[in-house]
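By convention in this document, chain letters (A, B, ...) are assigned in the order of the sequence lines, proteins followed by strands, and residues within each chain are numbered from 1.
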Amino acid sequence: MIDPRFLRNQPQEVARLLARRGFCLDVEALKALEARRKTAQKQTEDLQASRNARAKAIGGAKARGEEVATLMAGEEDDAKRLALAQAELASVLAAWDELAAGLPNIPAEDVPDGAGEADNVEIRRWGQEPAFAFTARDHVDLGEGLRGLDLAAAAKLAGSRFAVLRAGLARLQRALIQFMLDLHTREHGYTEVYVPYMANRDSLFGTGQLPKFSEDLFAIAGQPYFLIPTAEVPVTNLARDMVYARAELPLRFVCHTPCFRSEAGAAGRDTRGLIRQHQFEKVELVQIVAPEDSARAHEELTGHAEAVLQRLGLPYRVMALCAGDMGFASAKTYDLEVYLPGSSRYREISSCSNFRDFQARRLNARARTPGQKPELVHTLNGSGLAVGRTLVAVLENYQEEDGGVRIPEALVGYMGGETRLASDA
RNA sequence: GGAGAGAUGGCCGAGUCGGUCGAAGGCGCUCCCCUGCUAAGGGAGUAUGGGGUCAAAAACUCCAUCGAGGGUUCGAAUCCCUCUCUCUCCGCCA
């Protein structure tokens with residue numbers, strides 16, 4: 001949520017900033033609504049004040065044993081006027097909330113201009129793209145050759161965009177998860193958390209998935225729950241309605257969960273393989289920090305995600321998303337894109353965002369310096385990493401001519417000492 | 001699933017027959033005093049959100065909030081209804 005005072009007092013400035021991301025704010029409608037709000041609120045509060053004064057006078061008179069009937073005369077009329085004023089105010093506020101809840105975050109000053117993916121800016125690159133003396137296979141061919149990937153079985157069990165992993169591949173995915181969790185907890189100072197894989201409306205509103213993006217979610221029929229599209233939702237919501245002591249911050253959480261996405265808008269895209277699934281594993285990094293620390297924390301968190309790729313020896317590049325390509329709640333986002341030899345292109349494997357106070361305001365997540373008023377915290381998160389896509393990257397980058405796949409050194413310990421998955425293709 | 005108890009400020013906890021209760025008391029925190037320092041002690045202050053005067057700060061003032069939502073009433077933390085959550089016992093269960 002954008003600071004409502006900023007929105008009220010400087011709507012044209014907000015409109016200018018949101019225009020950077022291609023969002024059109026109707027300033028005139030906003031001003032009209034604000035004018036109505038002001039009148040309705042003033043009137044309601046004045047009527048409430050006189051009602052309160054009258055009630056107080058009656059109470060005082062009764063306490064002194066005085067006659068009260070004259071004080072109570074004429075009350076009914078006021079009560080009607082108050083009810084009307086309250087109804088008007090409630091409808092204005094509801095309209096305001098709906099409008100405000102639908103506004104995306106204001107892009108940070110240093111976010112590049114641009115309308116879409118093509119305008120994202122490469123910040124840096126790491127690693128060497130592998131040069132194979134043979135034609136590189138993609139992860140589907142490799143996985144099937146290893147008898148570890150069974151998409152047909154998954155289609156039978158559930159449908160398209162699901163996967164069954166077996167044997168070495170199933171273990172490799174588990175190894176990746178363990179490796180990432182250990183790295184972030186041991187070396188990057190994160191606390192591991194385990195959370196529900198379903199979340200309620202309040203939680204999804206807090207992080208920004210609701211009310212606008214419900215079609216991206218799986219809802220549980222007959223229950224007030226949604227399957228989480230990312231651990232960001234439950235983990236960031238740990239901060240909801242909290243007042244932390246400033247000294248407790250920053251909080252750093254790492255969390256492995258499955259993620260569930262309807263991919264409603266992606267029909268026909270990435271239909272082959274593990275790239276875009278209804279269910280995938282992800283290790284997520286979440287930070288709750290003091291406002292002045294969030295820019296630095298964002299760089300650090302991005303570095304923590306990069307460390308995973310570096311330890312695995314996977315080449316990647318860091319992209320600064322342009323204003324038009326950023327997610328709804330983000331003020332600034334870096335995407336990490338890993339190189340996939342199977343398709344000779346870079347694919348998103350992590351998205352690291354600073355939400356500043358946008359989520360915190362929706363969440364009512366605050367921190368207090370002793371003796372001072374609570375202040376909204378800043379929230380950040382990033383994938384560290386998307387495990388399914390990391391599995392794809394390992395298969396494609398570590399493949400050998402016969403269809404076998406070497407195990408990255410960092411994972412050998414997690415694979416019980418195995419150094420290679422052998423293909424029988 | 002059955003029976004019962006509960007939800008009050010940053011935390012704990014009191015709220016009498018509905019009225020002067022945004023709420024006693026304690027802890028914590030902030031400032032001051034005292035002591036050579038520390039500990040102990042004394043004093044004062046300390047909920048959150050929103051509105052108006054005003055574009056902003058200070059100040060003043062008003063409104064809302066005692067789990068959530070409705071209702072009764074001139075007036076609700078207090079009475080009634082619904083819901084949510086927590087706890088205890090019983091049953092069932094990985």
Can you see if the side chain of [X] gets near the phosphate of [N] - specifically, an N or O under 4.0 Å from OP1 or OP2?
X        : N      : result
A:Lys56  : B:rC74 : no
A:Arg368 : B:rU48 : yes
A:Asn52  : B:rC74 : no
A:Asn9   : B:rA56 : yes

Validation row, ring centre A:Tyr194 to ring centre A:His256 under 6.0 Å
no
Give [X] one of three labels, base, sugar-phosphate or nothing, depending on what nucleic acid heavy atoms sit under 4.0 Å from its own.
X        : value
A:Arg366 : sugar-phosphate
A:Pro4   : nothing
A:Arg5   : sugar-phosphate

Can you tell me the base-pairing partner of [N]? Count Watson-Crick or G-U wobble geometry only, both distances below 3.5 Å, and say none if there is no partner.
N      : answer
B:rA14 : none
B:rG49 : B:rC63
B:rG41 : B:rC33
B:rC87 : B:rG4
B:rA24 : none
B:rG9  : none
B:rC93 : none
B:rU73 : none

Interatomic distance, [X] [atom1] vs [N] [atom2] [rounded to whole Å]:
X        : N      : atom1 : atom2 : value
A:Gln86  : B:rG70 : CD    : P     : 11 Å
A:Phe6   : B:rA55 : CZ    : P     : 16 Å
A:Glu34  : B:rG50 : CD    : C1'   : 12 Å
A:Gln43  : B:rG52 : CD    : P     : 15 Å
A:Phe205 : B:rA68 : CZ    : P     : 18 Å
A:Ile58  : B:rU73 : CD1   : P     : 14 Å
A:Asp202 : B:rG69 : CG    : C1'   : 13 Å
A:Arg51  : B:rC62 : CZ    : C1'   : 13 Å

Please state the [atom1] separation for the pair [N] and [M] - nearest whole angstrom.
N      : M      : atom1 : value
B:rC11 : B:rC29 : P     : 15 Å
B:rG15 : B:rC21 : C1'   : 9 Å
B:rA47 : B:rG42 : C1'   : 26 Å
B:rG10 : B:rC66 : C1'   : 16 Å
B:rA76 : B:rU20 : P     : 10 Å
B:rC33 : B:rU88 : C1'   : 50 Å

Hey, which sits more toward the 5' end of RNA chain B by its nearest nucleotide, A:Ala49 or A:Arg37?
A:Arg37
5′-ward residue of the pair A:Asn364/A:Asp46 relative to RNA chain B
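Here A:Asn364 is the residue nearer the 5' end.
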Hey, can you tell me if A:His304 and A:His188 have their rings parallel, tilted or perpendicular (30° and 60° cut-offs)?
parallel
Using the ring of each side chain (for Trp, its six-membered ring), is A:Phe358 parallel, tilted or perpendicular to A:Phe328, with breaks at 30° and 60°?
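A:Phe358 vs A:Phe328 ring planes: perpendicular.
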Of the candidate nucleotides B:rC62, B:rA64, B:rU48, which contains the atom at the shortest distance from the side chain of A:Gln48?
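Minimum distance to the A:Gln48 side chain belongs to B:rA64.
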Which nucleotide in B:rA55, B:rC74, B:rC63 has an atom nearest any side-chain atom of A:Lys38:
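Minimum distance to the A:Lys38 side chain belongs to B:rA55.
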Side chains of [X] and [Y]: is there a donor and an acceptor less than 3.5 Å apart?
X        : Y        : answer
A:Arg240 : A:Ser203 : yes
A:Thr207 : A:Glu232 : no
A:Asn364 : A:Arg366 : yes

Do the side chain of A:Lys42 and the base of B:rG52 come within less than 3.5 angstrom through a donor-acceptor pair of N or O atoms?
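Answer is no: no donor-acceptor pair is held.
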Worked verdict on A:Arg174 versus A:Tyr414 for side chain to side chain contact (heavy atoms under 4.5 Å, CB included):
CA-CA 8 Å; A:Arg174 180 160 55 87; A:Tyr414 293 94; over 6 Å; no
Can you check whether A:Leu204 reaches A:Arg201 side chain to side chain, under 4.5 Å on heavy atoms?
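A:Leu204 vs A:Arg201: side chains apart.
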